[in-house]
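Fair warning: this is a prediction, and the values are worked out from it, not measured in the lab. For ligands, and for the atoms within them, numbers begin at 1 and follow the listed sequence.
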Amino acid sequence: MVTGIEIGRRDRLFLLTGAGVSAESGLPTFRDNGGLWNGYRVEEVATPGAWTEDAEKVWRFYSMRRRDALKCQPNSAHYALAELERELGERFFLCTQNVDPLHERAGSKRLLHMHGELFRSRCEADCGLPDFFDDKLYESAAEIPRCECGGRIRPHIVWFGEIPFEMDRIYSELDRCTMLAVIGSSGTVYPAAGFVDQARRSGARTVYIGPERPLNAAIFNDVVLGKAGEVLPGLFRIPKAG
Ligand code: NAD
Ligand code: ZN
């Protein structure tokens, strides 16, 4: 059983978080709800095809998720990771599959949202308009704003079938990390589920943290079973210099 993981002076830590890290904040994971996400099937609302067919339904879904996320607070797992970053500085890198803003609200800065962000939007056309902060709710087709180019404004979310953001940066961080910890990710959504392979190929020690074994559990050096908010505070030990 793993009770503490020591981070040495030369270690670089790569963290990957999934929906499980926000579960104790009250945000439902997808799989824990029998394939439904707040009553919606993912393919109905989180694919480019869904956007083409029914943009209003897509925006109603993301508006609901914006509303839900505003009611939630970061939990002790988010805070533990922010604290770890303060201790490790540039030897720390956090990649999240989550689109909620709970890591940054807990104080994380060296953070990459590979699947986009709930509170950002962009133009559906590739017109050069940068993505922007947006906390508005769009409940009907008429409310969906238009870009100057005529395109509709869409959520800044990576839908199933789209390519996650900043993969070059992610793979370069994976290549140079000496430790990888995955927290609350079921190991089913690629490419994130393959990060552990990549890190092991570069010789990193790998650990999974969550209440059940993920699909790719066999690839990890260690699996720590438990809720992120209970396990993470105090799991990593950083010996004081001197
Ligand atoms: P996932 O693949 O990240 O699976 C959720 C995992 O979290 C499961 O393995 C479950 O055992 C684990 N878990 C549940 N409670 C936990 C806890 N207290 N501590 C630690 N782990 C816990 O995500 P998914 O739900 O299978 O969804 C697939 C995709 O949708 C991913 O990209 C995911 O991040 C995204 N998603 C994002 C959010 C969000 O932004 N908050 C919510 C739902 C889904
Ligand atoms: Zn545009």
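Counting atoms of ligand 1 from 1 in the listed order, those under 4.0 Å from a heavy atom of Q97 are 31 (C), 32 (O), 34 (O). Of all atoms in ligand 1, numbered sequentially from 1 with element shown, those under 4.0 Å from a heavy atom of G18 are 3 (O). Against a heavy-atom cut-off of under 4.0 Å, R65 is close to the following atoms of ligand 1: 37 (C), 38 (C), 39 (C), 40 (O), 42 (C). Each of the atoms 39 (C), 40 (O), 41 (N) of ligand 1 lies under 4.0 Å from some heavy atom of D100. Listed by number with element, the atoms of ligand 1 under 4.0 angstrom from any heavy atom of E212 are 8 (C), 9 (O), 10 (C), 11 (O). Each of the atoms 17 (C), 18 (N), 19 (N) of ligand 1 lies under 4.0 Å from some heavy atom of E24. For ligand 1, the atoms lying closer than 4.0 Å to a non-hydrogen atom of H115 are 32 (O). Close approach to A23 involves these atoms of ligand 1, each under 4.0 Å from a residue heavy atom: 15 (N).
W59 places a side-chain N or O within 3.5 Å of a backbone atom of I153 that can act as its donor or acceptor partner. Put simply, the side chain of D175 never gets that close to the backbone of S202: no donor and acceptor are under 3.5 Å apart.
Given atom 17 (C) of ligand 1, the protein heavy atom at minimum distance is G20 O, 3.3 Å. Looking only at protein heavy atoms, the nearest one to atom 19 (N) of ligand 1 is A228 N, 2.9 Å. The protein heavy atom nearest to atom 28 (C) of ligand 1 is R31 NH2, 3.5 Å. The protein heavy-atom contact nearest to atom 24 (P) of ligand 1 is F30 CB, 3.6 Å. The closest protein non-hydrogen atom to atom 14 (C) of ligand 1 is D32 OD2, 3.4 Å. Scanning the protein for heavy atoms near atom 6 (C) of ligand 1, the closest one is G184 O, 3.4 Å. Looking only at protein heavy atoms, the nearest one to atom 23 (O) of ligand 1 is A19 CB, 3.5 Å. Ranking the protein heavy atoms by distance from atom 37 (C) of ligand 1 puts N98 OD1, 3.7 Å first.
For F165 and H156, the ring centers are positioned less than 6.0 Å apart.
At least one side-chain heavy atom of W51 sits less than 4.5 Å from a side-chain heavy atom of P155. Here the side chains of S22 and C72 are not in contact, with every heavy-atom distance at 4.5 Å or above. Between R66 and L137, the closest side-chain pair of non-hydrogen atoms falls below 4.5 Å. Looking at R12 and E173, their side chains come closer than 4.5 Å, going by heavy atoms from C-beta outward. Taking 4.5 Å as the limit, some side-chain heavy atom of F195 sits within range of a side-chain heavy atom of M114. Between I7 and L84 the shortest side-chain heavy-atom distance falls below 4.5 Å. Considering only heavy atoms from C-beta on, E85 stays 4.5 Å or farther from H103 through its side chain.
Using a 4.0 angstrom heavy-atom cutoff, V99 counts as in contact with ligand 1. Remark: distances from the non-hydrogen atoms of P214 to ligand 1 are all 4.0 Å or more. Assignment of P28 to the shell around ligand 1 is supported, since a heavy atom sits closer than 4.0 Å.
Contacts of E230 with ligand 1, taken as heavy-atom pairs under 4.0 Å, are absent altogether. Only the side chain of V189 comes within 4.0 Å of ligand 1, counting heavy atoms alone; its backbone N, CA, C and O stay farther away. The proximity of S186 to ligand 1, defined as any non-hydrogen pair under 4.0 Å, involves the side chain as well as the backbone.
Hydrophobic cluster membership differs between L174 and L15, with clusters built from Ile, Leu, Val, Met, Phe, Trp and Tyr side chains linked at under 4.5 angstrom. Side-chain heavy atoms closer than 4.5 Å link hydrophobic residues (I, L, V, M, F, W, Y) into clusters, and following such links, even through other members, never connects F14 to L94. V45 and V158 are members of different hydrophobic clusters when ILVMFWY side chains are connected at heavy-atom separations under 4.5 Å.
The residues E162 and R154 are annotated as salt-bridged, a charged nitrogen and a carboxylate oxygen being separated by less than 4.0 angstrom.
Polar contact check, V21 against ligand 1: no nitrogen or oxygen pair lies under 3.5 Å apart. Between I209 and ligand 1, no pair of N/O atoms sits closer than 3.5 Å. Residue P211 places no N or O, backbone or side chain, under 3.5 Å from any N or O of ligand 1.
Each of D222, T178, N221 was evaluated against R205; a single residue qualifies, D222, per the side chain to side chain donor-acceptor pair (under 3.5 Å) test.
Hydrophobic cluster membership for L27: L102 (Ile, Leu, Val, Met, Phe, Trp, Tyr linked by side-chain heavy atoms under 4.5 Å, directly or transitively).
In this structure, W159 and Y62 have tilted ring planes: the angle between them lies in the 30° to 60° band.
Once rounded to the nearest 0.5 Å, the distance linking CZ of R60 with CG of D54 reads 7.0 Å.
Only protein N, O or S atoms were considered, and those under 2.8 Å from the Zn ion (ligand 2) are C123 SG, C127 SG, C147 SG, C149 SG.
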